[in-house]
Amino acid sequence: MFKMKILLIHSDFLEFEPKRKAIKNAEEWRKGREKINDCLVVFTSVEKNDEKDTEQVSKNFAKEIEKVAKEVKTNSIVLYPYAHLGRDLASPDAALKILKNAENILKKRYKTYRAPFGWYKAFTIKCKGHPLSELSREIGVEKPAKERKKGSEFHKFILIDANGREYVITKKDWKKSEIWKNKGQQYEMLNKFVRNELEGNPEERDKPKHIEYMRKLELVDYCPESDIGNFKWYPKGLLIKDLILAFQENLARNYGAFKIQNPIIYRTSDQNIRKLIGEFHEKDYRIREEKEEFVLRFASDPGAFPFMQKLNFSYKNMPVKEYEEAICFRKEQKGELCGLRRVRNFTMTDLHAFCADENQAKDEFRKLCFLCQDLMNNIISKRRWVLGWEAVESFYEEHKKWVLDLVKELGVPSFVKLMPKRSHYYSLKNEYQSIEADGANSQISTVQFDVVNGERFNITYRGEDNKNYPCIIIHCSTFGSIERTLCSILENAAIDEKNKKNPMLPLWLSPTQIRLCPVSDSYIEFCEKIADQFEERGIRVDVDDRTESVQKKIMNAETEWIPLTLVIGEKEKRGEKFSVRFRETGKIEKMFLDDIVKYIKSKTAGLPYKPLPLDRLVSKRPVFVGWGKLSQSEGSS
RNA sequence: GCCGCUGUGGCUUAGAGGUAGAGCGGCUGACUCGUAAUCAGCAGGUCGUGGGUUCAAAUCCCACCAGCGGCUCCA
C-alpha cells in the first residue's frame, strides 16, 4: 500500500498558469498567471489507499504542513496538486476532497492558496535553498479507531465460572455480574482480563519487571545492531528457551504429532502465500532479491499449509497431526513493542490437527485444550491464568453444552466474546491468558477451530468413497511466542516479589539448580567431587570458586535466584549432612546428598533436563551484563 | 505510526552554561573466611547520534535513534 506523498519547497516565489484541462472533470478555474511570494509550496499526490479515510488523511496532511511551515517560519502555503509523485493514484474526486479539506483547515492560521486540480500548468519556482527548504513527507492513514476486536465485531459477552455456569454480561454492567461472588485469585485475574478487554487499561502502568529481570539474570537482552524488537539470547536464557521447547516437544509427540520444519522466506508471487499475506495487513518484513520479492515468515501457516496440501493421506490416517517451531517476523508498530511481551522476531510453536469431520475435530480441540493447560500449569504456574474465548454465535449456541463442559473440566473461569457471523477463519477459539504483575494480560497459547482453510488451501483427505474432502483444521499455538512465555515466567516472579516472597524461576528452568560455596580455597577440590555426584544424577550444579567471603558468595547466589545453596567446609568433608539454604523459604536445612537429589527429582519429575550452559567454576565465566547496586527488595538486611 | 516521559563507563547514578564525580562490577595484591557486600591500589566516560546557539554545552535549541507509558494492534 502506498502512502500519500508530498514534496515541500520553501520558495521565494511560485508562479503558475493553468494551460488546459488534463482530465475531463477538472475543476473550473480562472484564467491567467498567479504569483505568490515567500511561500511554502506543497506538491501533493493522493494515493488510492488514502480514500479509506479522507477525513483523517486531510487532518494528518494539514498537520504535517503546519509543522514544516512553523519550522521555516512562513505564513503562506500553496497546495499544488502534482499527480506525478504518486504510484497508485486516488480518484480525482477523493484527491480534490482531501486538498480542499486541508485548505480549509490551514486557512484558519495561514494564507493558503491552491493551484487548480486536473490541469496542465506552467510554473516557475524559486527554491530558497537553505537546509529545510526541500523536504518530502509521507502521510499515513492513521488507523481509525478499529471497530473490529473490541467494538462491533462482538455483540455478546458471556462469563463462565469454573463450574461451567454461564453469566451473560454487557459492556456496561459486567461489573455487577453474579460471577464475582466467586472468590479467589482466578476470579480476580478474570476480572482484570475482562476489564482490559472491555475497557482497556485505566491506570498508567510501571515499567514491566521482566525487562529488569531478563537483563540482571543474564537471560536475554536488546540488540541494537538489529532491528528493534529483535533480541539476543545469553547462555542462561537460551537454556530456558531450549528447555521450554523440549517440554512442548514431548507433549506434542505424546499427542501423536510429527515434527517438521519449513523455510523462513516465502515468495510473494505464490498463490497460497498471497492469500495468507492478505490477512496480515502490512506487518510483514519484505526482502527483494534479484527480481523476486520474498516475505519473512510471519506465522507458521505459510509453511504448514503448502506442506500439508502436498501430503497424501486418507480417512484411515485421520486425524493427521503436525507441529513445528516456527521463527516468525512481524513488523509491529514501534510504539507497541514492549520488552519481551511484544517483539518483532519470535519463535512460535505451532501444532495442527487435520480432522475428517466435526466430531473428530471437537475431540482433538478438547485434547489440545488439556495439552495447553498442562503447559500453562508447569510454566506459568497454577491459577495464574484464565481463558478467553471467541466464537461465532451460531456455533457457540449449537455446541454450548460441549463448551461449558469443557470449561468445567478445565476448571478455569472464562470470558467469551460472540460475533454475529464469522469474520476470521475460525468458528471458535480460546486464548490462554496469563495475568501479569502490572495488570496486563499476555496471550500464551491458543486453540482454534478452523472450518475454512481446509477448503481454501485445498488440504484434503481421501474418503472411503475415493473422493477428496477438505479437512477441518484445529490450530494450536502451544506457545504463541517463547519470548512472551519467558516474559510471563518473569512477571510471575514479580508477582511473588510483590507478595513479599523471593522471586524465583521454576526449579526445572533454573540455570543453576545447586550452588556449592566452599568456605575457603582449600575446599574447591572437594566441591568439585560433590558437584560430579549431583551432575551424574542430572542436576545443574556449579561451584563458586572465587576467593571471596562466604557471605559474599551467598549474596551472589541469591541475586542469581539460585534455588539451593550449599556451604561446603570441614564438617561436610568429614561426612556430615550438608546445610542447604533454600531460596524459596530462606531457611537452612541439614540434608544428606541423596535427599537433596530426591527433593530436586520430585520437583522436576517428567520435565526435561539439559546440562549447565556455562562453566561449572563461577570464576571462569565472563560477565554478560553485570549487576549494579541491588534494588532494596533484593537485599534482606 | 501518533502523543508524552527518559537516555552520563558493563550496571546504578551525582551533575541544571565554566576542568565529568561516586558506588557496584572488572583487574592487581593482601586476607583463607560458615549463610545477603573483607581491605587497599589500578584501569575504564567522544555524557545516545548529528546539527545549531555561545568565548564556553552533559547542561539551552532542532532533528534523528533507542527505551518506557498511552492510543492502536496482536502470538
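In what follows, chains are A, B, ... by sequence order, proteins preceding strands, each numbered from 1. Since this is a predicted model, take the numbers as computed values, not measurements.
- Scanning atom types as modelled, one donor and one acceptor separated by under 3.5 angstrom connect the side chain of A:E572 and the base of B:rG34.
- At a threshold of 4.0 angstrom between heavy atoms, the contacts of A:I568 with the nucleic acid are absent.
- Geometrically, A:K417 engages A:F154 in a cation-pi contact defined by less than 6.0 Å to the ring centre and at most 45° from the axis.
- Taking the P atoms as reference points, B:rG25 lies 9 Å from B:rU38, given to the whole Å.
- Atoms CD (A:E570) and C1' (B:rG34) sit 12 Å apart, rounded to a whole Å.
- Taking the six-membered ring for Trp, A:F298 and A:F346 have ring centres at least 6.0 Å apart.
- The distance from the CD1 atom of A:I228 to the SG atom of A:C223 is 12.5 Å, given to the nearest 0.5 Å.
- Of the candidate nucleotides B:rU38, B:rC33, B:rA75, B:rC33 has the atom nearest to the side chain of A:S520.
- Regarding A:R344, its CZ atom lies at a distance of 16 Å from the P atom of B:rC74, rounded to whole Å.
- Between A:N492 and A:R384, the side chains place a donor N or O and an acceptor N or O closer than 3.5 Å (distance only, hydrogens not considered).
- Heavy atoms of A:S477 sit nowhere under 4.0 angstrom from any nucleic acid atom.
- A donor N or O paired with an acceptor N or O is not found under 3.5 Å between the base of B:rA75 and the side-chain atoms of A:R341.
- At a threshold of 4.0 angstrom between heavy atoms, the contacts of A:E483 with the nucleic acid are absent.
- Here the closest non-hydrogen pair linking A:C517 and A:D544 is SG-CB, 4.3 Å.
- For B:rA14 and B:rC60, the P atoms lie 15 Å apart once the distance is rounded to whole Å.
- The side chain to side chain donor-acceptor pair (under 3.5 Å) with A:K259 is formed by just one residue from the set A:E324, A:E322, A:E249; it is A:E249.
- With rounding to whole Å, A:E332 atom CD is found 15 Å from B:rC71 atom C1'.
- In summary, the aromatic rings of A:Y426 and A:F449 are positioned with their centroids too far apart to meet the 6.0 Å limit.
- A:E336 has its CD atom 19 Å from the P atom of B:rG4, to the nearest Å.
- With distances taken from any side-chain atom of A:S549 to the nucleotides B:rG34, B:rU38, B:rG25, the minimum falls on B:rU38.
- The same atom, P, is picked in B:rG10 and in B:rG51; the two are 23 Å apart, to the nearest Å.
- Using cut-offs of 30° and 60° on the angle between ring planes, the pair A:F231 and A:Y222 is tilted.
- Between A:E548 and A:R546 there is no salt bridge, since none of the side-chain N atoms of the basic residue sits less than 4.0 Å from a carboxylate O of the acidic one.
- Here A:V550 lies in heavy-atom contact (under 4.0 Å) with sugar-phosphate atoms only.
- Only the C1' atoms considered, B:rC74 is 16 Å distant from B:rG1, to the nearest whole Å.
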Map every base of RNA chain B to its dot-bracket character, where paired means a Watson-Crick or G-U wobble contact with both distances under 3.5 Å and | marks a partner outside the strand.
((((((((.[[[[.)..(..]]]].(((((.......))))).....[[[[[..)....]]]]])))))))....
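- Taking atom CZ on A:F582 and atom P on B:rA36, their separation rounds to 16 Å, with Å as the unit.
- Atom CD in A:E548 sits about 13 Å away from atom C1' in B:rA36, given to the nearest Å.
- Taking a cutoff of 4.0 Å between a charged side-chain nitrogen and a carboxylate oxygen, A:R344 and A:E332 do not qualify as a salt bridge.
- Within 4.0 Å (heavy atoms only), A:S442 reaches no atom of the nucleic acid at all.
- Looking at every heavy atom in both residues, A:K207 comes nearest to A:I211 through CE-CG2, 4.3 Å.
- B:rC33 sits 47 Å from B:rC68 when the P atoms are compared, rounded to a whole Å.
- Across all strands, A:Q551 comes closer than 4.0 Å only to sugar-phosphate atoms, never to a base (heavy-atom distances).
- Within the 4.0 angstrom heavy-atom criterion, no nucleotide atom of any strand lies near A:Q448.
- As judged by a 4.0 angstrom heavy-atom cut-off over every strand, A:K571 is placed among the base-contacting residues.
- Between B:rC27 and B:rG44, the two C1' atoms lie 10 Å apart (nearest whole Å).
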For nucleotides 64-68 of chain B, give me every protein contact, N/O to N/O, under 3.5 Å, one pair per line with atom names.
from: B:rA66; atom 1: OP2; to: A:K334; atom 2: NZ; distance (Å): 3.4
from: B:rG67; atom 1: O3'; to: A:Y222; atom 2: OH; distance (Å): 3.0
from: B:rC68; atom 1: OP1; to: A:Y222; atom 2: OH; distance (Å): 3.0
from: B:rC68; atom 1: OP1; to: A:G339; atom 2: N; distance (Å): 2.6

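- Dense packing is recorded around CD of A:E570, with more than 12 heavy atoms of other residues, nucleotides or ligands lying under 6.0 Å away.
- In this structure, the CZ atom of A:R621 is 17 Å from the C1' atom of B:rG26, given to the nearest Å.
- Between the C1' atom of B:rA36 and the NZ atom of A:K553 lies a distance of 14 Å, rounded to the nearest Å.
- Of the candidate nucleotides B:rA75, B:rU32, B:rA36, B:rU32 has the atom nearest to the side chain of A:D521.
- In the set B:rG26, B:rA75, B:rC33, B:rG26 carries the atom at the smallest distance from any side-chain atom of A:V623.
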